[in-house]
Asker: 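Questions regarding the structure given below will be posed in turn.
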Protein chains: 2
Amino acid sequence: MRNGVPSDDVRTDRPARAGRRTLSRDDWARAALEAMRESGLGAIAVEPLAERLGTTKGSFYWHFKDRDALVHAALEMWVAESDAMMAAAARITDPAERGRWLTEFAFTGPQGADISTTLLINSQHPVVGPFLERVTEDRIAWGARLNEELGLAPDVARQHALAAWMIAVGIALVRRGAPQLLPQGEESDAFKRYIMELLRPGPRRP
Amino acid sequence: MRNGVPSDDVRTDRPARAGRRTLSRDDWARAALEAMRESGLGAIAVEPLAERLGTTKGSFYWHFKDRDALVHAALEMWVAESDAMMAAAARITDPAERGRWLTEFAFTGPQGADISTTLLINSQHPVVGPFLERVTEDRIAWGARLNEELGLAPDVARQHALAAWMIAVGIALVRRGAPQLLPQGEESDAFKRYIMELLRPGPRRP
DNA sequence: GACTTCCCGTACGGTGGCGTATGGAGAACT
DNA sequence: AGTTCTCCATACGCCACCGTACGGGAAGTC
């Protein structure tokens with residue numbers, strides 16, 4: 001995982017004497033993650049990122065073995081963020097409220113916060129595949145537990161979690177590719193409530 | 001649309017004298033569409049496709065102006081297929097049955113039959129964007145009409161169609177990227193029924 | 001002040017894909 | 001038979017990006 005890089009990230013807070021900062025491994029990973037959020041896996045390219053960071057490939061190949069190592073680091077960072085978010089959500093005690101919070105996040109969270117779509121698209125990639133498997137499995141299990149707390153039987157809870165996850169993926173994809181399709185303004189709230197009602201486990205209110 | 005190509009596709013059924021066939025414009029478009037289904041927009045690349053077709057770039061640049069023209073032709077072909085499928089579905093008179101048929105198709109239709117996901121991902125592409133807009137708008141309007149036939153008010157019908165479309169997109173994406181997540185065997189049918197029930201307009205049965 | 005270590009700049013070769021230019025073999029026409 | 005037209009092969013230059021080699025400056029170390 002740490003493929004042969006000397007020290008970790010203690011030198012980020014160096015004085016940076018002459019205004020000229022020295023980049024850390026995490027700076028690269030962060031930039032890569034951001035680029036991936038914006039434009040997909042293909043945007044993780046060494047030379048363009050170097051320019052964006054105001055440096056050159058020389059820096060990159062000091063910190064990383066190759067491009068795949070950068071992809072790996074970016075995804076690790078994403079997993080950390082993702083886990084942190086789920087931990088934050090877990091602090092909401094009322095399961096129904098927790099479900100609403102997640103739905104709300106799917107709709108109005110930061111654009112491209114969830115790169116699950118990007119991972120699904122590039123699931124063939126040797127680095128991406130394992131990450132995708134781990135994280136999606138985690139999330140669906142998480143959703144299934146939530147649904148069990150709401151009183152569903154285990155098998156139905158998982159089915160429902162899977163459905164919810166697919167809708168979340170769909171929402172993320174549409175937000176990226178065709179946001180004009182999503183209702184705007186007041187209709188937006190109505191649509192959100194509609195989706196929440198759709199996702200609410202148990203018998204539907206007429 | 002026909003950007004400067006002499007004749008259309010009458011010469012496909014030429015004798016092909018010495019076993020050596022001569023490719024048509026549509027042969028290229030078909031191959032491009034297939035490649036896009038399998039591996040996304042990036043797979044529409046002239047040289048790889050040429051090899052796959054057992055020919056060279058020379059053939060391609062005789063039939064097409066450039067790569068974008070090929071993308072355009074492939075998407076046109078897809079729209080034609082897509083319209084034909086919707087027309088076939090429209091022949092089912094019972095709207096409820098029609099809805100079930102569509103759901104069934106989303107799950108068990110040919111792998112990658114729907115490249116809407118690919119289009120959503122590449123919505124920035126100047127050729128892809130317009131196609132995406134037209135087709136998705138068509139489909140959602142189509143679904144909304146279906147829901148109106150089922151007795152929903154127009155605004156709710158559209159919301160519901162939008163939700164259904166997002167789920168369909170999610171299913172397609174998961175089928176491509178993480179098919180192991182979809183229930184297999186008997187559970188598959190149960191999950192399908194579950195989704196159909198989820199998508200069924202109106203009050204839910206407990 | 002020499003010496004080492006860290007971090008980066010630059011130059012280079014390699015690969016894959018795009019688009020162009022040009023020639024040429026066969027079929028079709030007259 | 002000669003000419004024209006259709007379709008393809010080949011060679012070329014270009015660009016973007018990967019990865020390597022190597023050098024060098026600035027901080028710390030002795």
Side-chain angles (χ1 to χ4, degrees), chain A residues 3-29 31-32 35-36 39-74 125-127, chain B residues 3-29 31-32 35-36 39-74 125-127:
Chain A
N3 56 341
V5 160
S7 78
D8 225 332
D9 204 24
V10 202
R11 63 197 174 288
T12 306
D13 46 4
R14 195 104 53 81
R17 196 76 59 155
R20 196 66 197 71
R21 256 192 94 240
T22 148
L23 293 174
S24 74
R25 183 181 166 91
D26 275 19
D27 289 330
W28 278 96
M36 183 162 51
S39 316
L41 182 61
I44 301 189
V46 179
E47 283 159 323
L49 280 179
E51 185 167 10
R52 203 157 126 170
L53 287 171
T55 180
T56 67
K57 298 197 294 184
S59 170
F60 174 79
Y61 283 101
W62 193 88
H63 290 288
F64 295 89
K65 179 179 163 289
D66 55 16
R67 179 180 175 273
D68 276 359
L70 177 58
V71 173
H72 192 100
H125 191 288
V127 175
Chain B
N3 55 340
V5 161
S7 80
D8 224 333
D9 203 25
V10 202
R11 63 195 174 289
T12 307
D13 47 3
R14 193 106 52 82
R17 196 77 60 156
R20 197 66 197 71
R21 258 195 92 241
T22 148
L23 293 174
S24 74
R25 182 180 168 94
D26 275 19
D27 290 330
W28 278 96
M36 182 161 52
S39 317
L41 182 62
I44 300 190
V46 179
E47 283 158 324
L49 280 180
E51 186 166 10
R52 204 157 128 170
L53 286 171
T55 181
T56 67
K57 300 197 295 183
S59 170
F60 174 78
Y61 284 101
W62 192 88
H63 290 289
F64 295 89
K65 179 178 163 290
D66 56 16
R67 180 181 176 273
D68 277 359
L70 177 58
V71 174
H72 192 99
H125 190 289
V127 175

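The structure displayed is predicted, hence computed values, not measured ones. These values consider heavy atoms only, across backbone and side chains, with no hydrogens, waters or symmetry-generated copies. A note on names: the letters A, B, ... follow the listed sequences, proteins ahead of strands, and every chain is numbered from 1.
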Asker: Identify the two heavy atoms, one from Thr56(A) and one from Trp28(A), that lie closest to each other, and give their separation to 0.1 Å.
Answerer: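 Closest pair (atom of Thr56(A), atom of Trp28(A), distance): O-CZ2, 4.1 Å.
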Asker: Distance check, rounded to the nearest 0.5 Å: Asp27(B) atom CG versus His63(B) atom NE2?
Answerer: 8.0 Å
Asker: Identify, with sequence neighbours excluded, every residue that meets side-chain hydrogen bond (donor to acceptor under 3.5 Å, both in side chains) alongside Ser39(B).
Answerer: none
Asker: Please give, in whole Å, the distance from dC18(D) P to Phe64(A) CZ?
Answerer: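 Result: 13 Å.
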Asker: Compare the minimum distances between each of dC7(D), dG17(C), dG9(C) and the side chain of Trp62(B), then state the nucleotide with the smallest one.
Answerer: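 Selected nucleotide (nearest to the side chain): dC7(D).
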Asker: Examine dC6(C): is either OP1 or OP2 under 4.0 Å from a nitrogen or oxygen in the side chain of His63(A)? Give yes or no.
Answerer: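 Checking dC6(C) against His63(A), no side-chain N or O comes under 4.0 Å of OP1 or OP2.
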Asker: Closest nucleotide of DNA chain D for Asp68(A) versus for Glu47(B): which of these residues is on the 5' side?
Answerer: Glu47(B)
Asker: Nearest whole angstrom, please: distance from the C1' of dT20(C) to the NZ of Lys65(B).
Answerer: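 After rounding, the gap between these two atoms is 13 Å.
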Asker: What's the CG-C1' distance between Leu70(A) and dC17(D), to the nearest Å?
Answerer: 14 Å
Asker: dC8(C), OP1 or OP2 - any side-chain N/O from Thr22(A) closer than 4.0 Å?
Answerer: yes
Asker: Give the nucleotide from the list dC8(D), dG17(C), dC17(D) with an atom nearest to the side chain of Pro48(B).
Answerer: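 So the side chain of Pro48(B) is nearest to dG17(C).
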Asker: Calculate the interatomic distance between Glu51(B) atom CD and dG16(C) atom P; express it in whole Å.
Answerer: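 Spelled out: CD on Glu51(B) to P on dG16(C) is 11 Å.
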Asker: I want to check one thing: is the phosphate of dG9(C), taken as OP1 and OP2, less than 4.0 Å away from some side-chain N or O of Ser59(A)?
Answerer: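 Ser59(A) to dG9(C) OP1/OP2: no side-chain N or O under 4.0 Å.
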Asker: Grab the CZ-P distance between Phe60(B) and dA11(D) for me, whole Å please.
Answerer: 21 Å
Asker: Using whole Å, report how far CG of Leu41(A) lies from P of dC17(D).
Answerer: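 The answer, rounded to whole Å, is 14 Å.
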Asker: What is the distance from CG of Asp27(A) to C1' of dC6(C), rounded to the nearest Å?
Answerer: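 Value for this atom pair: 15 Å.
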Asker: Looking at every non-hydrogen atom in both residues, tell me the closest pair between Ala43(A) and Leu49(A) and how far apart they are.
Answerer: O-CG, 4.3 Å
Asker: Quick check on DNA chain C: between Ile44(B) and Thr56(A), whose nearest nucleotide comes earlier from the 5' end?
Answerer: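 Nearest nucleotide further toward 5': that of Thr56(A).
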Asker: Looking at Arg67(A) and Ala45(A), would you say the former's side chain and the latter's main chain have a donor-acceptor pair under 3.5 Å?
Answerer: no
Asker: Tell me the interatomic distance from Arg25(A), atom CZ, to dC8(C), atom P, rounded to whole angstroms.
Answerer: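 These atoms are roughly 13 Å apart.
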Asker: Name the closest nucleotide to the Tyr61(A) side chain, picking from dC17(D), dA9(D), dT20(D).
Answerer: dT20(D)
